[in-house]
There are 2 protein chains.
Amino acid sequence: MFTNLNTDPGRKPRLVGELGALSHGRVSSGEFKYSAGMEIFGDTEPADYIYQVIAGAVRIHKLMADGRRQIGAFHLAGDIFGLENGDLHRFTAEAIVDTRVRLIRRESLERVANTDTAIIRSLLKMTSENLAHAENHMLLLGRKTSLERVAAFLLEMHRRLTPEGAIALPMNRRDIADYLGITLETVSRALSVLRKNGLLKFLGQTQRQIVVVDPAGLARLTDNPE
Amino acid sequence: MFTNLNTDPGRKPRLVGELGALSHGRVSSGEFKYSAGMEIFGDTEPADYIYQVIAGAVRIHKLMADGRRQIGAFHLAGDIFGLENGDLHRFTAEAIVDTRVRLIRRESLERVANTDTAIIRSLLKMTSENLAHAENHMLLLGRKTSLERVAAFLLEMHRRLTPEGAIALPMNRRDIADYLGITLETVSRALSVLRKNGLLKFLGQTQRQIVVVDPAGLARLTDNPE
DNA sequence: CGGTGGGTTGAGGTATTTCAAGGCTCGTGG
DNA sequence: CCACGAGCCTTGAAATACCTCAACCCACCG
């Protein structure tokens, strides 16, 4: 019943509002499916396309030589990702679950942008939103405790994929850990603490857990600007 | 002799290249001086101006309710800061040392941007550069050891304010610590280790230290994408 | 000169990591 | 249709990187 909360294709794609030209057919775009775990693009690859999640979930990350990983963001239905100013991608992007994605040729976007300032403004707005997210995430990574990080994560997911109140998390504990800069065991322990304090419930024991949170209670634990 | 390396007003301001209109006098701008420690703008204040460092150094930070601080970036001669997409600043900005700053009315920039796509493109480019910096910093804050963080910091400063090879750091240990998400004692210990390993020299014991680094050696210690 | 604002270093404490074991779910193939 | 392995999650116990607290030093300034 709750299984597809997060991948609901009925959700209104945000891009339509953001980049009017796309819906006017002035920019060439295609659609593509990636199954869980597939790489969408790699770090330092040429950024020939930008992407929009139609349904599913995507993680973007950086990897260190010894395997340490930092996930910079999760992208959910409606989100744009892979937008770069330079010629190369700065993250690797992978589908977390089976995911449908719209592809837009960058070249075609550039062409339209030359004559249409609204398009560039949209790109600027999206880049600014990514920047604001990264800035808040720096505070989390630099200064918050593990409990605060996990509370902030749940609040973010609550805000982004819950009209009703139940969250079906598409990502596993390792993904959450690499997003929050802690280990998967610490994530698990923090979730247990929150559950014991009644700020969190697991509905059903099915692999991808469905979660109900108490946003006001969690907000008291973190210092979230969002 | 090295005292003012970092605040050299002779350095070519980067803005001239970035925002041509400013040098054409089509955007109203003024100049202002802030002494060390002064606040330039505060978190959640209206973003009526954008700023360019002419000489000196600025830190921008977020503060938690209990005083924990995360510095998002240091801005040096030539850098633009305070550029927001929304109406409010998302950081507090303070002068680290005595600093000269150029102010540009946002309203006046907006007006020009309506007719000049080059301006919006410049804003997009600058925002993207800030984003790229934040993305790299997330990896540092989430996954690097204290030694790797300090090495990365020194490399960044080396790249940004050293044509010659000596760095006069404008910020103190607490600022560095809050930028790197560690404590000032840990910064100090890491610097001592680097010094013992010959990757770093202090020139002169004067309050604001001058530092000479071995970039290749430091690079081996971190995983820096920059 | 005495105080203040850095900075370094040591010793001990602690949050988080690491290592390890065990349980649950689900898909697959005998 | 059941057995089994793989993936995921949780929990415990021990190790450790970093933090906290504290002492001390030095440079600078009124």
Side-chain angles (χ1 to χ4, degrees), chain A residues 3 35-37 59 64 66-70 96-98 140-151 153-154 168-196 200-211 221, chain B residues 3 35-37 59 64 66-70 96-98 140-151 153-154 168-196 200-211 221:
Chain A
T3 312
S35 51
R59 62 179 175 244
M64 291 178 66
D66 61 3
R68 280 174 285 173
R69 183 177 70 154
Q70 179 64 42
I96 299 176
V97 293
D98 292 356
L140 179 148
L141 292 171
R143 287 303 180 213
K144 292 193 178 178
T145 67
S146 63
L147 202 63
E148 290 168 334
R149 293 178 198 216
V150 172
F153 167 75
L154 290 172
L169 294 174
M171 67 291 284
N172 64 24
R173 297 290 184 265
R174 173 168 296 283
D175 288 338
I176 299 172
D178 286 346
Y179 179 56
L180 299 179
I182 53 184
T183 61
L184 64 92
E185 293 93 334
T186 301
V187 171
S188 183
R189 282 184 243 270
L191 288 171
S192 297
V193 169
L194 294 176
R195 187 174 32 179
K196 265 163 206 140
L200 174 65
K201 275 201 194 84
F202 290 157
L203 303 186
Q205 258 21 357
T206 174
Q207 202 74 332
R208 275 295 172 279
Q209 268 162 349
I210 292 115
V211 160
L221 284 184
Chain B
T3 312
S35 51
R59 63 179 174 244
M64 290 178 65
D66 61 3
R68 280 174 285 174
R69 182 177 71 154
Q70 179 63 43
I96 298 176
V97 293
D98 292 356
L140 179 148
L141 292 171
R143 288 303 181 212
K144 292 193 179 180
T145 67
S146 62
L147 202 64
E148 289 169 334
R149 293 178 200 216
V150 171
F153 166 76
L154 290 171
L169 294 174
M171 67 291 284
N172 64 23
R173 297 290 184 263
R174 173 167 295 281
D175 288 338
I176 299 173
D178 285 346
Y179 180 55
L180 300 179
I182 53 184
T183 61
L184 64 93
E185 291 94 334
T186 301
V187 171
S188 183
R189 281 184 245 271
L191 288 171
S192 296
V193 169
L194 294 175
R195 187 174 33 179
K196 264 162 207 142
L200 173 64
K201 275 202 193 85
F202 291 158
L203 302 186
Q205 257 21 355
T206 173
Q207 203 72 336
R208 275 295 172 280
Q209 268 163 348
I210 292 114
V211 159
L221 284 184

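Side chains included, hydrogens not; waters and symmetry mates left out as well; all remaining heavy atoms used. Letters go in sequence order (proteins before strands), and every chain restarts at 1.
For A:Val187 and A:Arg143, each mapped to the nucleotide of DNA chain D holding its nearest heavy atom, the one lying further toward the 5' end belongs to A:Val187.
Between the axis at the start and the axis at the end of the helix from C:dC1-D:dG30 to C:dG30-D:dC1 there is an angle of 20°, using five pairs per end and rounding to 10 degrees.
Atom CZ in A:Arg173 sits about 10 Å away from atom P in D:dT11, given to the nearest Å. Whole-Å rounding puts the B:Asp66 CG to D:dT20 P distance at 11 Å. Taking atom NZ on B:Lys144 and atom P on C:dT17, their separation rounds to 18 Å, with Å as the unit. As a whole-Å value, the separation of A:Gln209 CD from D:dC9 P is 7 Å. Straight-line distance from the CZ atom of A:Arg174 to the C1' atom of C:dT18: 12 Å, rounded to whole Å. Nucleotide C:dT17 holds its C1' atom 13 Å from the CZ atom of A:Arg149, rounded to whole Å. Atom CZ in B:Arg69 sits roughly 17 Å away from atom C1' in D:dC19 (whole-Å rounding). Summarising the geometry, the separation between CG on B:Asp175 and C1' on C:dG7 is reported as 14 Å, rounded to the nearest angstrom.
Between A:Val150 and A:Ile176 the shortest side-chain heavy-atom distance does not fall below 4.5 Å. A:Lys144 places none of its side-chain heavy atoms less than 4.5 Å from the side chain of B:Gln70. You'll find the side chain of B:Ser192 stays beyond 4.5 Å of the side chain of B:Arg189, heavy atoms only.
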Item to complete: Starting at the 5' end of nucleotides 9-14 of chain C, put B wherever the base has a protein heavy atom under 4.0 Å, S where only the sugar-phosphate does, and a dash everywhere else.
Response: BBB---
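Contacts of A:Arg68 classified as side-chain contact (heavy atoms from CB on, under 4.5 Å), with partners at least two apart in sequence or in another chain: A:Met64, A:Asp66, B:Arg143, B:Thr145, B:Glu148. Take A:Asp175 and apply the side-chain contact (heavy atoms from CB on, under 4.5 Å) test, not counting sequence neighbours, and it matches A:Arg59, A:Arg69, A:Ile71, A:Phe74, A:Ile96, A:Met171, A:Asn172. Taking B:Ser188 as the reference, nothing meets the side chain to side chain donor-acceptor pair (under 3.5 Å) condition, with sequence neighbours excluded. Not counting sequence neighbours, the partners of A:Thr186 by the side chain to side chain donor-acceptor pair (under 3.5 Å) test are A:Thr183.
A:Leu184 approaches A:Ala177 most closely through the heavy-atom pair N-CB, 3.4 Å. A pairwise comparison of heavy atoms in B:Ala190 and B:Ser146 identifies CB-O, 4.4 Å as the closest pair.
You'll find that the side chain of A:Thr145 is closest to C:dT16, out of C:dG7, D:dC8, C:dT16.
Remark: B:Ser146 is not in phosphate contact with D:dA17, judged by side-chain N or O atoms under 4.0 Å from OP1 or OP2.
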